[in-house]
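Reading through the structure tokens given below for one structure.
Naming convention: chains lettered A, B, ... in sequence-line order (proteins, then strands); numbering from 1 in each chain.
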Amino acid sequence: MRHDHLITATQLSRDDIETVLDRAAEIADDPPERDAVLGLLFFEPSTRTKMSFDAAMKRLGGTTVDMGSVDSSSVKKGETLADTVRVVEGYADALVLRHPSEGAAKMASRFVDVPLVNAGDGAGQHPSQTLLDLYTIRENAGLDDLTVGIMGDLKYGRTVHSLASALTNFDARQHFISPESLQLPRSVRFDLHQEGAQVREHTDLEAILPELDVLYVTRIQRERFPDENEYRQVAGQYRITPETLEDAKDDLVLMHPLPRVDEISPEVDDLPQATYFEQAHNGVPVRMALLDMLLENAGVETGGDSR
Amino acid sequence: MRHDHLITATQLSRDDIETVLDRAAEIADDPPERDAVLGLLFFEPSTRTKMSFDAAMKRLGGTTVDMGSVDSSSVKKGETLADTVRVVEGYADALVLRHPSEGAAKMASRFVDVPLVNAGDGAGQHPSQTLLDLYTIRENAGLDDLTVGIMGDLKYGRTVHSLASALTNFDARQHFISPESLQLPRSVRFDLHQEGAQVREHTDLEAILPELDVLYVTRIQRERFPDENEYRQVAGQYRITPETLEDAKDDLVLMHPLPRVDEISPEVDDLPQATYFEQAHNGVPVRMALLDMLLENAGVETGGDSR
Amino acid sequence: MRHDHLITATQLSRDDIETVLDRAAEIADDPPERDAVLGLLFFEPSTRTKMSFDAAMKRLGGTTVDMGSVDSSSVKKGETLADTVRVVEGYADALVLRHPSEGAAKMASRFVDVPLVNAGDGAGQHPSQTLLDLYTIRENAGLDDLTVGIMGDLKYGRTVHSLASALTNFDARQHFISPESLQLPRSVRFDLHQEGAQVREHTDLEAILPELDVLYVTRIQRERFPDENEYRQVAGQYRITPETLEDAKDDLVLMHPLPRVDEISPEVDDLPQATYFEQAHNGVPVRMALLDMLLENAGVETGGDSR
């Protein structure tokens, strides 16, 4: 992988993706002792992404410095993002940025010489999430000759758009299951067709479920519906229970980016198909691999004894 | 000590307690290089408990990842505690949990495979506080043939209930000193008698003070009193000053879980009896010992060079 | 440098200052493996100072424990600063304190045995900022035979007062440029004269700019002006643009403590005179040197293999 920054999943070729996933698969057993400092710049709250990058850098033998919440930062004094990242790059060997504005990571990356990873920019991209999703699929079902279902809020879910786009690099049939009001945006559907994706859309899981190797469930947010009753009815229709899974393959890989609220019932957690906690845990090796490769590219040395 | 988690002080036998305290006494001189990651999950604020666990893990040669405040976490999106701990166990080798709900730690421990330490669950338990209290008593007065006074808010103070219960493992006479409205709850008194404790209750410190080897003072909270004047009168009556201590033993061990407001006057700080800052500092070796033993039980390896 | 704590820049002799700056210049190439724990006590928010101390301690091979925000701390329960620092010194080998009250650091230092660094106490001192300012000047222009301009809010800017005072240790001509309403306070002007400083004051940059080796710009805060229009007019008059710099020396060292809002236009960032990001980055080596020397004085051992 010869990138300086990771801004979008679309910048990654199939080869790039496989290189990261290969490295992730082996890195836990052979961490490279990368004694570097990672700067955490989270302009929006995020428990799992931040903790997961934090743990990844520390498992690599390095450490982190954290800007803390925006309320306690210079941002409140009117500092621009360009200034903030240029200051913090002096404290760290690489940066992770989450920001509410789409395009923030790309803009910020132009101002810094250290590697920058986009950890979510508004409705934009969150490429390390896509990589850990792909890793989870590969570890559990492989990435060849795959039938994937993606269900829930397909209109607003950036995770879903990014994953769908990344899957076009592989030999995957994609089924999108959602209520009509939350279908894929035209632009995303158009892009997928341009990339040659094999796509079908459904309003009902039942018919397609038996064919699926992977079912990726996302949250349907209450705020999307003007009427509480309509929300309840729709949400209930797309809820996964042990009964739902009776018609699924025994080795279905059931995923969810978490946090979940009510989309997958807790009784499913003990079934062999439940893969969402494993998926969350995969954030660590995937981000270890990613940071390791970006630091390698940037010329930050490894070294166990030279710390 | 053969426990997977530490949820309550009552799960610890006298033997368990002594094993932890012995380990704590020697650990600062011979830290075991435990290169592990501790997850800090504080659903309620806590300066000293959190910093003390943080320092303990780092003194062991490991590091921590912190969920941060609840406001910036997935909890706000409606995630259950069971889901949060199952995600975070993928980032860490052990977890420390503080939560406002009694029973939260016990419930959470059923969902995770890594060791979990209860750092306070509402009105419930806070066992590492009890261990550092016992350690402080042992280091300064021994745990045999002991006369202990516990004073202040005995009705609501979980620290006090836990310590009193733990002391029944040792040969201790316990004196409880409080205003009538803040006496020990019947249930606690009953449990102590069941455990064979030697208990006496007082409304006045004066008569019993000369006999005490240890005096453990707790805060009387303003909120407990409907009337400000009544509060002032009661609080003033149980305030420790240099004058109060004139009738105490020279080697009285004066303790307080901190933070204090007005229960012990600052002039007492320089007297030889003042042991409350040492008590707070003892949180580090005791938690080092505790984490070390739990990680050992969980099979997390030590290693200086293999980091 | 034989100090236990660093409370004010004025406690440092010219010799002390040069010792720290010499150490800072070499420390990045030869970090001393100081496996210590630094306690971060920030009673006021501060992105760059906190991150910079955090990075400095970690670059030294040590780690930090953070009190977190005041809202989540025992301070809310009414604990005094004297109690807080006495508790936290048990968790750390050194402390960094920022506090809104002038004199807080000096007071706190009397209660602790570990080294304490003042990272800002209200309108008082912030000596590590002064050291990194001097370091930046020395690295870019030397500290001998120097003509320095200091511009902006000279009335309220503690950074400026501290720097001006420190410069009296060196052979520097100081020019102060500000609107009349924001001139140096009489007391500061008096002190500078007492210390033998070569001082001149101006309301206009234009005439003096060509002579300057260093121009130190500070923020003019909107809140200082009752009238928005007056603020805009004044602020605009002291704004640095590429045009402004046409009359400056080619090797002018243009500094700013950051964050900036509008005092230096972004087009200046790419000019060779722009030194403010380098200045911010210098916080790390200077604070590494400072912490290293204070820990050395306190007898905290180094050790690479004995961690």
Run the side-chain contact (heavy atoms from CB on, under 4.5 Å) test on B/Glu79 and A/Arg48 for me, step by step, so that the C-alpha distance in whole Å, both residues' side-chain angles and the decisive distance to 0.1 Å come before the verdict. CA-CA 12 Å; B/Glu79 186 170 65; A/Arg48 71 200 64 244; 2.6 Å; yes

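Separation of atoms CG (A/Asp54) and OG1 (B/Thr63) is listed at 7.0 Å; rounding is to 0.5 Å.
Proximity to chain A at a heavy-atom threshold of 4.5 Å picks out B/Asp93 from residues 93-117 of chain B, in numerical order. Scanning residues 279-288 of chain A against chain B with a 4.5 Å heavy-atom cutoff picks out A/Ala280, A/His281, A/Val284, ordered by number.
Taking the charged nitrogens against the carboxylate oxygens, A/Glu278 and B/Arg86 have no contact shorter than 4.0 Å, which rules out a salt bridge.
The two atoms that bring A/Leu258 and B/Val87 nearest to each other are CD1-CG2, 3.5 Å, heavy atoms only.
Other residues, nucleotides and ligands contribute at most 12 non-hydrogen atoms within 6.0 Å of the CD atom of A/Gln233.
Although no hydrogens or angles enter the test, the distance criterion places a donor-acceptor pair under 3.5 Å between the side chain of A/Lys58 and the main chain of B/Thr64.
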